[in-house]
Amino acid sequence: MPSATLRRPAPPAEGRGTLAPRRRTPVLALSEARWAGTALALFLIALPLQLGGAPVWLWGPLYAVVYVTGGWEPAWAGLTALREKTLDVDLLMVVAAIGAASIGQVMDGALLIVIFATSGALEALATARTQDAVRGLLDLAPATANRVADDGSEETVATGELVVGDTILVRPGERVGADGRVLEGTSEIDQATITGEPLPVVKETGDEVFAGTLNGTGALRVKVERDAADSVIARIVAMVEEASATKAPTQLFIEKVEQRYSIGMVIATLAVFLVPLALGGELTDSLLRAMTFMIVASPCAVVLATMPPLLSAIANAGRHGVLVKSAVVMERLGQVDAVALDKTGTLTEGTPRVTDVRPLTGSGLDENTLLTLAAGAEHPSEHPLARAVVDAARTRGLGIPETRDFTSAPGVGVTATVDGSAVSVGAPARLLTGGDDTPAAAVRELEAGGRTAVLVLRDGAPVGVLGIADRLRPGALATIAALTTLTGATPTLLTGDNPRAAAHLAGEVGITDVRAGLLPQDKVAAVRDWEAAGRKVLVVGDGVNDAPALAAAHTGIAMGRAGSDLALETADAVVVRDELATIPTVLNLSRAARRLVTQNLVIAGVFITGLTIWDLAGHLPLPLGVLGHEGSTILVALNGLRLLHDTTWTRAGTTTPAPPETVAPDPGGE
């Protein structure tokens with residue numbers, strides 16, 4: 001069916017920016033928020049009654065219910081932790097509130113419960129919104145798709161029922177139902193919600209499309225290439241959720257210290273209570289000071305200092321196509337000070353393309369005729385170079401002639417009868433027999449330029465030479481420059497390709513340290529040498545031969561679209577859409593997360609130190625201590641969530657911070 005017949009009037013267009021409503025968990029859907037809201041409402045009823053001189057029997061029961069509604073969840077969590085021989089700060093807060101009530105400070109204890117419950121509700125809401133940011137991607141994928149049967153009939157099916165090989169019809173204004181490749185039709189696809197590209201992208205036959213992206217005015221037939229569970233959106237969600245379950249080294253260290261700190265704080269609280277009593281102090285004043293001390297010295301803000309920034313960074317990177325597998329990895333990415341990249345499939349697209357078509361003088365052929373002969377001979381072959389020749393002919397709109405008597409010799413080339421002539425296409429070293437230096441000179445010139453030369457013979461005589469090369473990925477030059485600035489050293493090229501081709505490509509992107517002709521174990525040895533010298537090396541690769549180096553490196557990133565399964569499993573992070581520019585961006589994002597962690601630890605330390613000194617050296621009112629402690633906890637949580645915003649990713653991609661102050665010798669050095 002011609003593509004023109006697929007076009008239909010477009011339904012009312014959805015405006016950009018309204019492509020998918022953000023998933024937002026309702027506040028009252030969280031039990032923490034409901035209990036905190038109940039406690040706050042009761043407190044606000046009881047407080048004016050108390051201050052207005054109402055009898056105790058009127059406002060006392062209201063405060064009691066405040067203690068129950070706002071305190072039962074943290075109390076239960078604290079008792080559960082205590083059974084596991086862990087001292088939880090939630091339990092300490094409840095004990096402090098009950099202690100305040102026991103000395104007649106019922107309102108102060110209730111205020112502590114309300115603020116603590118509100119703080120917990122805000123933390124729960126912040127966590128839910130972090131999850132919303134990732135899970136909201138699932139809302140982009142439509143629930144149904146139009147599957148086209150072999151006889152051309154259509155049926156509407158759930159997208160979860162689509163399998164690899166199915167054909168779906170995407171009409172104007174609809175969302176693409178699955179990851180796949182365009183079989184027929186031309187349209188513009190708005191990929192902003194997946195790739196962040198500001199403008200729609202033209203999609204034609206052979207182009208890849210992603211589930212959840214919005215089709216424009218044309219209609220497309222798309223062949224499904226991934227199951228729903230393996231789509232870009234689903235992989236992002238699954239891997240980010242898996243990453244969110246991990247803990248970074250900083251967080252693990254804080255949690256280890258937290259237990260000892262909490263025990264020490266309990267001992268110190270007893271001392272603050274008992275020492276003044278022993279010196280003749282009043283029971284009420286001593287107990288009130290001790291309760292205030294327990295509150296302000298609790299490490300709640302310190303505990304929350306680390307994970308919100310790292311998890312927010314993971315979620316943001318996931319939305320933009322970089323799957324960071326754990327909080328450990330997100331923290332380590334910011335420590336990278338050296339980068340090593342593979343060549344084929346990483347810096348380049350990994351797909352050979354014809355770059356030069358050179359008819360030989362005296363052959364009587366022009367470029368198109370030479371390419372037509374070569375494509376006719378190569379058409380039956382499955383070799384990557386053969387496909388490059390055929391694709392080049394089709395790109396020029398040339399017809400592929402019929403081929404007879406096709407034969408293929410590995411390492412030599414192919415021979416076939418094309419338009420009545422015997423045409424051979426293959427390696428110059430095997431097909432050239434000497435005598436005429438003209439084709440040899442053309443071959444040497446192409447190979448000197450980093451291209452693979454292919455000789456074409458007609459009836460045994462050389463008639464032309466084709467130059468074939470892999471193509472640099474878009475943004476490769478800018479990426480290398482950004483990585484150089486980030487780490488203070490030019491990245492290294494580690495490749496199994498021949499030195500001449502590797503050096504030519506490295507020169508195009510500004511890489512000076514080139515190590516070519518390497519086996520997998522050679523790449524590992526280079527990485528281990530740098531690691532032994534104190535470098536924190538990031539390795540970027542895509543193939544099976546890169547997997548050992550990805551595993552040996554401080555951090556490994558795999559190119560996801562064409563990467564081998566082994567490389568994807570071994571790597572610490574995956575660039576889903578093979579966009580090189582996202583690598584320096586995610587390094588910047590990690591550094592921003594590490595800076596926020598430091599900020600949070602400083603904020604928490606200043607609040608705890610200041611309030612503790614105030615309580616011990618002077619008289620810190622309990623309500624003010626509660627407000628300062630819980631305020632600092634909320635502040636560090638919200639500070640960490642700043643990294644959820646898309647503008648953070650944009651800034652990370654446009655600003656490159658200075659390299660680390662201490663830069664080890666260049667990894668290419670001796």
Side-chain angles (χ1 to χ4, degrees), residues 39 43 47 50-51 63 66-67 70-71 74-75 78 87-120 122-123 254 257-305 599-639:
F43 180 82
L47 182 61
Q50 180 190 16
L51 297 179
Y63 278 138
V66 169
Y67 278 77
L87 189 59
D88 195 295
V89 293
D90 290 359
L91 184 60
L92 297 181
M93 292 298 99
V94 174
V95 169
I98 294 173
S102 68
I103 58 174
Q105 303 288 332
V106 178
M107 187 272 288
D108 291 341
L111 178 62
L112 170 58
I113 289 292
V114 168
I115 295 180
F116 189 67
T118 303
S119 172
L122 289 175
E123 292 168 20
I254 288 173
V257 172
E258 178 194 357
Q259 284 302 300
R260 299 174 183 174
Y261 179 92
S262 296
I263 294 172
M265 189 186 69
V266 171
I267 295 172
T269 299
L270 291 174
V272 171
F273 172 59
L274 295 174
V275 170
L277 279 181
L279 297 177
E282 292 186 6
L283 174 64
T284 300
D285 290 342
S286 298
L287 185 56
L288 187 58
R289 186 185 297 271
M291 292 299 100
T292 305
F293 175 83
M294 177 183 287
I295 293 167
V296 300
S298 294
C300 300
V302 174
V303 174
L304 278 176
Q599 288 177 18
N600 283 348
L601 290 173
V602 170
I603 291 170
V606 168
F607 269 85
I608 291 174
T609 302
L611 293 173
T612 301
I613 292 175
W614 186 353
D615 182 56
L616 295 178
H619 176 68
L620 174 62
L622 179 60
L624 189 57
V626 170
L627 189 61
H629 174 267
E630 297 303 327
S632 66
T633 302
I634 295 171
L635 182 60
V636 297
L638 295 179
N639 191 40

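Sequence positions, counted from 1, serve as the residue numbers for this chain. Bear in mind the structure is a predicted one, so any value in this text is a computation, not a measurement.
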So, for [X] and [Y], which heavy atoms are closest and what is the spacing to 0.1 Å?
| X | Y | value |
| --- | --- | --- |
| Tyr63 | Ala110 | CD2-CB, 3.6 Å |
| Met107 | Phe43 | O-CE1, 3.9 Å |
| Val106 | Tyr67 | O-OH, 3.0 Å |
| Pro276 | Ala271 | CD-O, 3.8 Å |
| Trp614 | His619 | NE1-O, 3.4 Å |
| Gly70 | Ala117 | O-CB, 3.6 Å |

Mind checking what makes side-chain contact (heavy atoms from CB on, under 4.5 Å) contact with Thr612, not counting sequence neighbours?
Phe293, Val296, Ala297, Ile608, Leu616
Counting N and O atoms only, with roles assigned by atom type, does the side chain of Arg289 sit under 3.5 Å from a partner on the main chain of Asp615, one being a donor and the other an acceptor?
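Judged by distance alone, yes, a pair lies under 3.5 Å.
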At what distance, to the nearest 0.5 angstrom, does CD1 of Ile603 lie from CG of Leu635?
4.5 Å
Quick check for you: to the nearest 0.5 Å, what is the distance between Leu620 atom CG and Ile613 atom CD1?
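Leu620 atom CG to Ile613 atom CD1 measures 12.0 Å (nearest 0.5 Å).
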